[in-house]
A.B. asks: 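Here you go, one structure.
Throughout, a chain's letter reflects where its sequence line sits, starting with A, and its residues are numbered from 1. Given the structure is predicted, the values throughout are model-derived calculations rather than measurements.
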Amino acid sequence: MTHRDDPQQSDFIREIIDNDLQTGKHGNRVATRFPPEPNGYLHIGHAKSVCLNFGIASQYKGTCNLRMDDTDPAGESLEFVESIQNDIRWLGFDWDDRLFFASDYFEKIYQFAVTLIRSGKAYVCSLSADEIRQYRGTLTEPGKNSPYRDRSVEENLDLFARMRAGEFADGAHVLRAKIDMASPNVTMRDPVIYRIKRSPHYRTGDDWIIYPMYDFAHCLSDSVENITHSICTLEFENNRPLYDWFVNELIEGHRPQQIEFARLNLSYTMLSKRRLIELVEGHHVSGWDDPRMPTVAGMRRRGYTPEAIRDFCARIGVAKKDNLVDIALLEHCVRDDLGERAPRAMAVLRPLRVVIDNYPDDKTEEVECANHPQKPDMGTRKVPFSREIYIESDDFMEDPPKKYKRLGPGREVRLRNCYIIKFASMVKDEATGRITEIHCTFDPETKNAPPPDGRKVDGVIHWVSVRHALSAQVRLYDRLFKTADPAGSEDDFTSLLNPDSLETVYPCYVEAGLAAAKPEDRYQFERLGYFCADMKDTAPGKPVFNRIVSLRDSWAKMTGEAGRK
RNA sequence: UGGGGUGUCGUCAAGCGGUAAGACACAGGCCUUUGGAGCCUGCAUUCGGAGGUUCGAAUCCUCCCGCCCCAGCCA
């Protein structure tokens, strides 16, 4: 029934591993790694990879390392290292003491480069970046050998040592692997493996002014850590021959195996790190943890649960086909999880005052409300009721269509967990014609009970007692982008942003008991959706709620209102 | 016009020569003190296309077509 953390899960990668385990290919071990570059926050696409790598490790009783792939100091920082760890832990995964940094391997990687030079398989190239590009050729034409390709081992060794020592300007020389400038695979055309870059590294400071490139550092880091299955995304498939080339040249004994899968694309959002950085730096959102962001931090702040995210990652599967997963599936997973666990409460977002004319002005009574109608073990709570209440303004219509089941002239409606009330009259603002107040009468024999005369009252609406209500700010979030596939659009992505992705509503009136809401507490506001007390802006007794996701709304569907309120 | 991938329902995705799983979405219906939840039903005679092999093909072969990735001293 539920897919949640299904241990039976399988996909083509697990099939490869099953096979490797049978043939003893990697000594019957399974060791994976999750290797983010700490230059941004993790997003739902990374979550897919986290679930895959850590999931496989636990399924096969292996290990999964967390490794910061920090070989380019530009943009990397400790803030990101910390956020990455927080997010993975929050998602529910653990790397024990296996937190590693490619930057810790810099000396080792340097020595590997020296070995490569000694064996005549690498050389210092003194072409400019521009010239290197020209010499590389094109997709259809082979490249040409660099004039520096045949420098002697001694000269290369000397030059490379002096690159490290800081004798040359940035860009003056690079170290290149000597492979094949005519290879149809451009990655193999003497790839650059070291560059001079005078940029302080957030961990190694100015210890190094030369840094290894991804292709060189990654496969060697995997080897150093004895990784068996190095799982990465499809765009690295072209790099696999290079991965294997380095590993075959430099590693004896066990060699890791790279396997590629299709990265996640999600509708109505964007998952490229570059785009997310632009959203943050361009102040289109409030930060990496803006609840509209597809980042783990954003989803957490929005109120998504780690269980729902893991369930989602399990349901989308793992394959090699480019995909665009419907965000409705993620929302389904969130509802599915929260529907089970979130206690119910009543909250009125757009208040309309209702006076119960035949109810004593000085009286208050408490009605018993189930915290979860299907789960008695979640208990009940008492909610105060009095003569004046707020109801949702769209739960009243002056001239309702036939199928409308809520309040209107001459109609009766059930107040959730309370009495049946009947419309008596309404008060309008003379200037605007707007309805400012409704008057009703209540049936004293119907308190949380069916009417004794057996009459049918179909509609049920939520309410909050005016005198007891707690006012709160509520933030209604909607999709960040207007179009399903903004990443696939040619247009400037900022023009595709949904201008209505955030609506702040105040004052909303919520049950008095919600004063006790703590940051990150989640509730279902009945008939509205799931809401989470904002982790940053909620103060004691003064909750601020984020709408996590609305409830499915078949009335809105009938009327074509797209489910937004 | 080079190389590497990939094409199964609107969207994901099983299928591994024996006659198209499942999920989301969608559409009906039941039920209901959340128009919620739940439950039931429907939803690919067909697997990018065309040929071929076979008693039998989404699965094997051939050709064609579409889409994605690669020409950073990014990862």
A.B. asks: Of all the choices, B/rG3, B/rC12, B/rC74, which nucleotide is nearest to the side chain of A/Asn185 once you look at every atom?
C.D. replies: B/rG3
A.B. asks: Indicate, with a heavy-atom threshold strictly under 4.0 Å, whether A/Ala129 touches base, sugar-phosphate, or nothing.
C.D. replies: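 Result for A/Ala129 = base.
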A.B. asks: How would you label the contact of A/Asn239 with the nucleic acid (heavy atoms, under 4.0 Å): base, sugar-phosphate, or nothing?
C.D. replies: base
A.B. asks: If you check every side-chain atom of A/Asn238, which of B/rG3, B/rC73, B/rC12 has the closest atom?
C.D. replies: B/rG3
A.B. asks: Give a yes/no answer on whether the side chain of A/His332 brings an N or O atom under 4.0 Å of OP1 or OP2 in B/rC24.
C.D. replies: yes
A.B. asks: Do the non-hydrogen side-chain atoms of A/Ile231 and A/Ile56 ever get within less than 4.5 Å of each other?
C.D. replies: yes
A.B. asks: Starting from C1' on B/rG38, measure out to CD on A/Glu340 and report it in whole angstrom.
C.D. replies: 11 Å
A.B. asks: Identify the nucleotide, in any strand shown, that forms a Watson-Crick or G-U wobble pair with B/rG2, with both distances under 3.5 Å; if there is none, say none.
C.D. replies: B/rC70
A.B. asks: Does a nitrogen or oxygen in the side chain of A/Arg315 sit under 4.0 Å from OP1 or OP2 of B/rA25?
C.D. replies: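 Indeed not, no polar side-chain atom of A/Arg315 lies that close.
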A.B. asks: For B/rC43 versus B/rA20, give the span between their P atoms, rounded off to a whole number of Å.
C.D. replies: 14 Å
A.B. asks: What form does the base of B/rG7 take, syn (within 90° of 0) or anti?
C.D. replies: anti
A.B. asks: Whether the side chain of A/Asp326 and the base of B/rC24 hold a donor-acceptor pair under 3.5 Å is what I'd like checked.
C.D. replies: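 Per atom types, no contact qualifies.
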A.B. asks: Check this for me: does the side-chain of A/Asp322 come within 3.5 Å of the base of B/rG7 through a donor and an acceptor?
C.D. replies: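 A donor-acceptor contact between them is absent.
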A.B. asks: Need the pair for B/rA50. Rule: Watson-Crick or G-U wobble, both distances under 3.5 Å, any strand; none if unpaired.
C.D. replies: B/rU62
A.B. asks: Between A/Ile132 and A/Leu415, which has a closest nucleotide on RNA chain B that is more 5'?
C.D. replies: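 The answer here is A/Leu415.
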A.B. asks: Check this for me, if you would: do A/Glu37 and A/Lys273 make a salt bridge, where the nitrogen-to-carboxylate-oxygen distance has to be below 4.0 angstrom?
C.D. replies: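 The answer is no: the pair does not qualify as a salt bridge.
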A.B. asks: Does a distance-only test, which skips hydrogens and angles, find a donor-acceptor pair under 3.5 Å between the side chain of A/Gln374 and the base of B/rG36?
C.D. replies: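 Present.
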A.B. asks: Applying a 4.0 Å non-hydrogen cut-off, can you work out what A/Val174 is touching in the nucleic acid: base, sugar-phosphate, or nothing?
C.D. replies: base
A.B. asks: Could you tell me how far apart A/Glu392 (CD) and B/rG36 (P) are, to the nearest whole angstrom?
C.D. replies: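 Rounded to whole Å, this separation is 17 Å.
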A.B. asks: Atom CG of A/Leu324 and atom P of B/rC67: how far apart are they, to the nearest Å?
C.D. replies: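 Value for this atom pair: 17 Å.
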A.B. asks: What is the distance from NZ of A/Lys321 to C1' of B/rU8, rounded to the nearest Å?
C.D. replies: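 Computing the A/Lys321:NZ to B/rU8:C1' distance gives 8 Å.
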A.B. asks: From CG of A/Leu242 over to P of B/rC70, roughly how many Å is that when rounded to an integer?
C.D. replies: 15 Å
A.B. asks: Please state the P separation for the pair B/rA14 and B/rU8 - nearest whole angstrom.
C.D. replies: 11 Å
A.B. asks: Taking C-beta and beyond as the side chain, do A/Asp215 and A/Pro191 meet within less than 4.5 Å on heavy atoms?
C.D. replies: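 They are not in contact (no side-chain heavy atoms under 4.5 Å apart), so the answer is no.
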A.B. asks: Closer than 4.0 Å, any side-chain N/O of A/Arg552 to the OP1 or OP2 of B/rC24?
C.D. replies: no
A.B. asks: Does the pair A/Glu76/A/Arg203 count as a salt bridge with the N-to-O cut at 4.0 Å?
C.D. replies: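 No.
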A.B. asks: So with a 6.0 Å cut-off around CD of A/Glu445, is the heavy-atom count from everything else above 12?
C.D. replies: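 Counting neighbours around CD of A/Glu445, 12 or fewer heavy atoms of other residues, nucleotides or ligands fall under 6.0 Å, so no.
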A.B. asks: Quiz question: going by heavy-atom distance under 3.5 Å, is there a donor-acceptor pair between the base of B/rC16 and the side chain of A/Glu15?
C.D. replies: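 Such a pair is found, so the answer is yes.
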A.B. asks: Does A/Asp336 pair with A/Arg315 as a salt bridge, N-O distance under 4.0 Å?
C.D. replies: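 The answer is yes: the pair qualifies as a salt bridge.
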A.B. asks: Pick base, sugar-phosphate or nothing for A/Tyr194, based on heavy-atom distances below 4.0 Å to the nucleic acid.
C.D. replies: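 Nothing, no nucleic acid heavy atom in range.
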A.B. asks: Considering just the side-chain nitrogens and oxygens of A/Ser128, establish if one lies under 4.0 Å of OP1 or OP2 belonging to B/rC73.
C.D. replies: no
A.B. asks: Would you mind classifying the nucleic acid contact of A/Lys403 as base, sugar-phosphate or nothing, using non-hydrogen atoms under 4.0 angstrom?
C.D. replies: base
A.B. asks: For a quick check of understanding: with a heavy-atom distance under 4.0 Å over all strands, which category does A/Val318 fall into, base, sugar-phosphate or nothing?
C.D. replies: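 Result for A/Val318 = sugar-phosphate.
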A.B. asks: Whether A/Glu225 and A/Arg33 form a salt bridge (side-chain N of Lys/Arg under 4.0 Å from carboxylate O of Asp/Glu) is what I want to check.
C.D. replies: no
A.B. asks: Under 4.0 Å between a side-chain nitrogen and a carboxylate oxygen: does that hold for A/Lys447 and A/Glu365?
C.D. replies: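 Salt bridge present between A/Lys447 and A/Glu365.
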A.B. asks: For B/rU19 versus B/rC63, give the span between their P atoms, rounded off to a whole number of Å.
C.D. replies: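 Per the computed distance, 30 Å lies between those P atoms.
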A.B. asks: So does A/Lys320 get a side-chain nitrogen or oxygen closer than 4.0 Å to the phosphate oxygens (OP1/OP2) of B/rG7?
C.D. replies: no
A.B. asks: What interatomic distance, in whole Å, is found between C1' of B/rC39 and the corresponding atom of B/rG4?
C.D. replies: 49 Å
A.B. asks: Provide, to the nearest angstrom, the distance between the CZ atom belonging to A/Arg195 and the C1' atom belonging to B/rA75.
C.D. replies: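 It works out to 9 Å between those atoms.
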A.B. asks: Look at A/Arg189 and B/rA71 and indicate whether a side-chain polar atom (N or O) is within less than 4.0 Å of OP1 or OP2.
C.D. replies: no
A.B. asks: Between B/rA37 and A/Arg344, is there an OP1 or OP2 to side-chain N/O distance shorter than 4.0 Å?
C.D. replies: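 Result: no.
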A.B. asks: May I ask which nucleotide in the shown strands pairs with B/rA27, Watson-Crick or G-U wobble, both distances under 3.5 Å?
C.D. replies: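 By the stated definition (distances under 3.5 Å), B/rU41 pairs with B/rA27.
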A.B. asks: Please tell me which of A/Asn39 and A/Ala262 maps to the more 5' nucleotide of RNA chain B, matching each residue to the nucleotide holding its nearest heavy atom.
C.D. replies: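 Nearer the 5' end of the strand: A/Ala262.
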A.B. asks: Suppose you measure atom C1' in B/rG42 against the same atom in B/rG3; what distance do you get, rounded to whole Å?
C.D. replies: 47 Å
A.B. asks: Could you state the CG-C1' distance from A/Asn265 to B/rU6, rounded to the nearest angstrom?
C.D. replies: 14 Å
A.B. asks: When the distance from CG of A/Leu276 to P of B/rC74 is rounded to whole Å, what number comes out?
C.D. replies: 21 Å
